[in-house]
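Scroll down for the structure; my scribbles are underneath it.
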Amino acid sequence: MAINVSSPELLRRFTTLSTRNYASPAFSVAAPLLSVNSNCRSIPKLCKLRESGVRSRAIVGDTELKIEEEDASLLGDDNSAEASSVHKPVDEIIQKVQERDFTGTPYVPIYVMLPLGIINMDCQLVDPDELINHLRVLKSINVDGVMVDCWWGIVEANAPQQYNWSGYRKLFQIVRDLNLKLQVVMSFHECGGNVGDDVHIPLPEWVIEIGGKNPDIFFMDRDRRQNRECLTWGIDKERVLRGRTALEVYFDYMRSFRVEFDEFFEDGVITEIEIGLGPCGELRYPSYPAKHGWKYPGIGEFQCYDKYLMKSLKKASEVRGHSFWGEGPENAGTYNCKPQETKFFSDGGDYDSYYGRFFLNWYSQVLIDHGDRVLTFANLAFEGTPIAAKLSGIHWWYKTASHAAELTAGFYNPANRDGYAPIASVLKKHETALNFTCVELRTMDQHEDFPEALADPEGLVWQVLNAAWDVGIPVASENALPCYDREGYNKILENAKPFNDPDGRHLSAFTYLRLSPDLIEERNFVEFEQFVKRMHGDSVPDLEHCLEEEARTVDEKT
């Protein structure tokens with residue numbers, strides 16, 4: 001079905017309706033090439049194309065709207081007779097727009113992250129009555145379970161190998177009594193200072209005390225500014241933590257947890273353990289810390305200047321036969337630089353020189369080796385229980401040749417190299433699931449809000465998910481930012497269950513960020529309930545009705 005749209009009124013009405021939360025079908029726009037992908041806020045671009053005389057077409061579901069340059073006499077005001085005469089057909093077209101029906105699609109379990117401060121620094125459960133009420137509400141819409149961080153800085157706060165699990169035991173009992181499941185994160189990182197952090201949970205006091213005397217147990221940037229979010233991977237095998245290596249500290253903590261909560265493993269309440277591998281629990285370097293002044297979309301800085309990692313770099317350079325390569329790049333800029341402002345990350349820059357390739361290979365391999373070592377110990381501690389590792393979605397500067405922000409974070413993924421396949425191979429080696437973020441983000445949203453960032457979250461998600469699926473490991477995901485609207489949920493669903501995938505691939509689970517009063521608010525919760533049903537493959541009979549009601553409301557207002 002093709003209809004010529006030449007009136008500004010039609011475009012205005014089409015734009016107004018499409019920018020509502022409930023009306024978020026997938027759009028594809030051609031001539032010029034423009035991928036919109038469920039981004040309702042991008043529809044005004046069609047108006048700009050129309051005004052500039054560009055011949056374009058927009059495909060909405062099975063309906064094609066052709067927006068073509070016509071006689072200038074048709075471009076009258078909004079009250080023109082021409083606009084009135086075509087008003088009704090377009091309303092009929094819009095009302096035929098349907099969202100994808102996920103009825104009968106694979107069941108994807110839904111977990112909800114609990115608030116960061118659900119357990120206080122004394123390892124006590126905060127406001128259990130409110131928690132029970134919220135969990136009952138989640139259970140009422142068939143949410144499968146919840147995710148909770150088990151903070152190293154709380155449990156082993158005061159002295160080595162003195163663990164306090166009391167608050168977590170009470171929490172787990174509540175979750176079990178409500179017949180919900182548990183994903184548990186071994187959180188060996190600091191909480192606070194990052195996007196979404198509303199509490200501060202430092203590393204254990206005894207670790208901070210050691211760091212006061214030996215600051216090199218933490219990551220450092222080129223100016224030797226210390227980052228206490230997590231321990232540097234340079235001490236994975238160094239006995240600097242009161243006689244123990246970092247790996248031994250992590251293993252002792254995980255083994256204590258496994259013994260303490262054996263009954264919850266045995267009865268199947270704990271379904272998965274996510275292993276913290278770096279800042280925010282993610283396998284990456286702390287390359288973009290807000291505490292050091294980083295702001296989006298800065299490229300970040302390399303974090304390898306503690307004495308332990310520098311020793312490793314010098315050794316690697318000597319083995320290569322170029323001992324003068326045993327230093328980090330001097331021309332990689334600072335936290336808030338753009339790639340083209342540096343000689344290292346600019347197009348044709350030193351990142352692709354002989355030295356640059358040597359350094360980036362070493363830097364990324366340190367990250368991969370750390371993940372390999374910790375996951376080896378995790379499988380010993382949690383034998384028989386599924387484990388997972390989390391990767392961050394660093395999507396800014398993805399459309400540049402160097403992928404600078406990914407490089408400083410440890411993902412050696414420039415335009416001419418797949419940096420995620422080696423990570424996927426290590427996860428496969430340990431039968432570890434991948435948990436990836438930012439599946440709700442749309443590339444066109446990023447282009448509108450931060451065009452200078454040259455971001456592409458959709459391209460990144462596609463690359464990472466396929467790297468994991470190609471080696472045959474489960475892939476789970478979570479949203480990077482709070483999400484309450486239909487278009488965000490639609491993007492998650494699109495990634496969770498790729499349309500017409502010949503191999504029938506889909507996410508193994510999805511974890512929603514996060515339980516809050518905003519989520520429980522009536523309008524938001526209705527949207528979330530429908531999202532849960534669609535992820536479960538259940539029928540949502542009122543979905544089209546909601547669209548039609550919203551369309552009528554907008555029609556009355558316009």
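Because only heavy atoms are used, hydrogens play no part in the values below, and waters and symmetry mates are left out as well, while side chains stay in.
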>> Quick check: Trp165 with Tyr253 (ring centres under 6.0 Å apart)?
In response: yes
>> Can you tell whether the side chains of Glu260 and Arg169 come within less than 4.0 Å, N to carboxylate O?
In response: yes
>> Any heavy-atom pair between the side chains of Glu274 and Val184 that's under 4.5 Å?
In response: no
> Do Asn413 and Gln463 get their side chains close enough for a donor-acceptor pair, meaning under 3.5 Å?
Replying inline: yes
>> Atom NZ of residue position Lys170 - does it have more than 12 heavy atoms of other residues, nucleotides or ligands inside 6.0 Å?
In response: no
> Do we see a donor-acceptor contact under 3.5 Å between the side chains of Gln226 and Tyr305?
Replying inline: no
> Does the salt bridge (Lys or Arg N to Asp or Glu O under 4.0 Å) test come out yes or no for Arg244 and Glu156, once each step is laid out?
Replying inline: CA-CA 14 Å; Arg244 290 187 295 167; Glu156 197 180 358; 3.1 Å; yes
>> Centre-to-centre under 6.0 Å for Phe382 and Phe251, is that the case here?
In response: no
>> Regarding Asp216 and Arg224, does a basic nitrogen lie under 4.0 Å from an acidic carboxylate oxygen?
In response: yes
>> Under a 3.5 Å cutoff, is there a donor and acceptor pairing between the side chains of Asn524 and Asp518?
In response: no
> Do the two ring centres, one from Tyr489 and one from Tyr484, sit under 6.0 Å apart?
Replying inline: no
>> Under 3.5 Å, is there a donor on one side chain and an acceptor on the other for Glu272 and Tyr111?
In response: no
> Does Glu190 pair with Lys291 as a salt bridge, N-O distance under 4.0 Å?
Replying inline: yes
>> Before we go on, tell me: are the rings of Tyr296 and Trp396 under 6.0 Å apart, centre to centre?
In response: yes
>> Testing the 3.5 Å rule here: is there a donor-acceptor pair between the side chains of Trp294 and Ser287?
In response: no
> Is Lys139 atom NZ crowded by more than 12 heavy atoms from other residues, nucleotides or ligands, each under 6.0 Å away?
Replying inline: yes
> Less than 4.0 Å between a side-chain N and a carboxylate O, is that true for Glu406 and Arg284?
Replying inline: no
> What are the two closest heavy atoms between Phe172 and Cys150, and how far apart are they?
Replying inline: CZ-SG, 4.3 Å
> Just checking, Arg258 and Phe265: is the charged tip under 6.0 Å from the six-membered ring centre and within 45° of the axis?
Replying inline: yes
> Salt bridge between Lys338 and Glu341, side-chain N to carboxylate O under 4.0 Å?
Replying inline: no
> Can a salt bridge be assigned to the pair Asp144 and Lys181 using a cut-off of 4.0 Å between side-chain N and carboxylate O?
Replying inline: no
> Does a donor on one side chain sit under 3.5 Å from an acceptor on the other, for Asn214 and Tyr308?
Replying inline: yes
> Between Glu248 and Arg255, is the closest basic N to carboxylate O distance under 4.0 Å?
Replying inline: no
> Step by step, would you call Lys399 with Asp456 a salt bridge (Lys or Arg N to Asp or Glu O under 4.0 Å)?
Replying inline: CA-CA 7 Å; Lys399 290 184 178 180; Asp456 187 6; 5.3 Å; no
>> Centroid separation under 6.0 Å, is that true for the rings of Tyr512 and Phe531?
In response: no
>> Applying ring pair (Phe, Tyr, Trp, His ring centres under 6.0 Å) to Trp233 and Tyr285, what does each step give before you reach the verdict?
In response: CA-CA 9 Å; Trp233 307 327; Tyr285 289 87; 4.6 Å; yes
> Does a donor on one side chain sit under 3.5 Å from an acceptor on the other, for Asp221 and Gln303?
Replying inline: no
> Are the aromatic ring centres of His189 and Trp151 under 6.0 angstrom apart?
Replying inline: yes
> Any side-chain donor paired with an acceptor under 3.5 Å for Asp223 and His292?
Replying inline: no
> Ser317 and Trp362: side-chain donor and acceptor closer than 3.5 Å?
Replying inline: no
>> Check this for me: does any side-chain nitrogen of one of Arg242 and Glu209 sit under 4.0 Å from a carboxylate oxygen of the other?
In response: yes
> Within 45° of the axis and under 6.0 Å from the centre of the six-membered ring of Phe264, does NZ or CZ of Arg176 qualify?
Replying inline: yes
> Are the aromatic ring centres of Phe188 and Tyr250 under 6.0 angstrom apart?
Replying inline: yes
